[in-house]
Amino acid sequence: MDLVLLCVFLPLVTVAWGQYGGDYSYGPYNYGDNDEWANAYRQGFNFQCPHGQVIVAVRSVFNKKEGSDRLWNYACMPAAQSLGEPTECWWEEINRAGTEWYQTCSNNGLVAGFQSQYFPSVLDREWQFYCCRYSRRCPYSCWLTTEYPGHYGEDMDMMMYTYDYYIRGATTTFSAVDRDRQWKFIVCRMTEYDCPFQNV
């Protein structure tokens, strides 16, 4: 009986080991030191994942007394080996402060970083995505997450719990009363083959 179980499970373990590598681990994601944030209140920041990695978690805390601003932190993980190495990376267009917006990475890119600048005149931030394209892979099975945070002014902690789903962008709403923003992240799977489409 033990030999039968070994014969059944050994190929599964071998495939998983080969696909994800021996050092891959599922969450909780490592944000670094709990006091280590990508920004200080009312300051701009630029966060980029290491080459070949993508954003998998976003954490933020809100402080009304600090200009209704947020501290931000991100976690990265390597993209699946089946995607290969990024073929190009770029900064998307700026999403202006004080407005609602919707943006996905162009050229079927995946979010690998964020850049933001605070504007005291509107008590909000402008945002840019840092995107990376993996060969000619295309997104499919896309969906929007729930709102993060659940209510304006709350802390947020968004994590990707499924390994082969990737953040491709976001849509946000801005409250002129609360001076805060809610995010819905655009999450997709990626094909394991090249496809002819520029942006899906």
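Note: hydrogens, waters and symmetry copies are ignored here, and every other heavy atom, side chains too, is used.
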Worksheet item: Do the ring centers of Phe114 and Phe47 come within less than 6.0 Å of each other?
Response: no
Worksheet item: How would you list, by chain and number, every residue that makes a side-chain hydrogen bond (donor to acceptor under 3.5 Å, both in side chains) with Trp101, sequence neighbours excluded?
Response: Thr172
Discussion item. Using side chain to side chain contact (heavy atoms under 4.5 Å, CB included), reason through Cys49 and Ile55 one step at a time and then give a plain yes or no.
Written reply: CA-CA 7 Å; Cys49 292; Ile55 299 285; 3.6 Å; yes
Discussion item. If I take atom CG from residue Leu144 and atom OH from residue Tyr102, how far apart are they, to the nearest 0.5 angstrom?
Written reply: 6.5 Å
Worksheet item: Backbone N or O of Asp164 within a donor-acceptor pair of the Thr162 side chain at under 3.5 Å?
Response: no
Worksheet item: If you measure from SG on Cys138 to CG on Asn108, what distance do you get to the nearest 0.5 Å?
Response: 4.5 Å
Worksheet item: Is Trp72 linked to Ile167 within one hydrophobic cluster, defined over Ile, Leu, Val, Met, Phe, Trp and Tyr using a side-chain heavy-atom separation of less than 4.5 Å?
Response: yes
Practice prompt. Write out all pairs satisfying salt bridge (Lys or Arg N to Asp or Glu O under 4.0 Å) with one or both partners inside residues 93-110, taking only residues at least two apart or from two chains.
Written response: Arg96-Glu126
Worksheet item: Looking only at heavy atoms, which two atoms of Val122 and Ala97 are closest? And how far apart?
Response: CG2-CB, 3.7 Å
Worksheet item: Members other than Trp91 in its cluster, when Ile, Leu, Val, Met, Phe, Trp, Tyr link by side-chain heavy atoms under 4.5 Å?
Response: Tyr130
Discussion item. Is there a ring-ring contact (aromatic ring centres under 6.0 Å, His included) between Phe185 and Trp183? Walk through the geometry before answering.
Written reply: CA-CA 6 Å; Phe185 294 92; Trp183 297 69; 5.7 Å; yes
Worksheet item: Do Lys64 and Asp178 pass the salt bridge (Lys or Arg N to Asp or Glu O under 4.0 Å) test, and can you show the C-alpha distance, the side-chain angles, and the key distance before you say yes or no?
Response: CA-CA 9 Å; Lys64 193 162 190 75; Asp178 296 298; 5.5 Å; no
Worksheet item: CE/Met156 to OG/Ser60 distance, rounded to the nearest 0.5 angstrom?
Response: 6.0 Å
Worksheet item: Between Phe129 and Met158, is there a shared hydrophobic cluster once you connect ILVMFWY residues whose side-chain heavy atoms come closer than 4.5 Å?
Response: yes
Item to complete: Kindly confirm or rule out an SG-SG distance below 2.5 Å between Cys89 and Cys131.
Response: no
Response to the item:
One should read off an interatomic distance between Asp155 CG and Leu71 CG, to the nearest 0.5 angstrom, of 9.5 Å
Worksheet item: Hey, does the side chain of Arg137 reach the backbone of Tyr134 with a donor-acceptor pair shorter than 3.5 angstrom?
Response: no
Worksheet entry | Euclidean distance, Ser116 OG relative to Gln128 CD, rounded to 0.5 Å | 9.5 Å
Fill in: Derivation and outcome, side chain to side chain contact (heavy atoms under 4.5 Å, CB included), residues Cys188 and Tyr140
CA-CA 6 Å; Cys188 300; Tyr140 70 99; over 6 Å; no
Fill in: Within-4.5 Å side-chain heavy-atom neighbours: Arg70 and Val61
no
Discussion item. Please check: side-chain N/O of Gln53 versus main-chain N/O of Pro50, any donor-acceptor pairing under 3.5 Å?
Written reply: no
Worksheet, complete the sentence: OG (Ser175) and CG (Asp180) are apart, to the nearest 0.5 Å, by 7.5 Å
Worksheet entry | Side-chain (Tyr74) to main-chain (Ala38) donor-acceptor, under 3.5 angstrom | no
Worksheet item: Any salt bridge (Lys or Arg N to Asp or Glu O under 4.0 Å) pairs touching residues 38-52, not counting sequence neighbours?
Response: Arg42-Glu66
Worksheet entry | Any side-chain donor near an acceptor of the partner, Glu92 and Trp90, under 3.5 Å | yes
Worksheet item: So, the side chain of Arg168 versus the backbone of Cys105: is there a donor-acceptor pair under 3.5 Å, distance only?
Response: yes
Worksheet item: What about Phe174 and Phe62, same hydrophobic cluster or not, with Ile/Leu/Val/Met/Phe/Trp/Tyr joined at side-chain heavy-atom distances under 4.5 Å?
Response: no
Discussion item. Test of understanding: with side chain to side chain contact (heavy atoms under 4.5 Å, CB included), list the residues that count as partners of Glu147, not counting sequence neighbours.
Written reply: Gln182, Lys184
Worksheet item: Has Arg189 got its NZ or CZ under 6.0 Å from the middle of the six-membered ring of Trp143, at an angle within 45 degrees of the ring axis?
Response: no
Worksheet item: Do any pairs count as a salt bridge (Lys or Arg N to Asp or Glu O under 4.0 Å) and have a residue in residues 111-125, sequence neighbours left out, and if so which ones?
Response: Asp69-Arg125, Asp124-Arg181
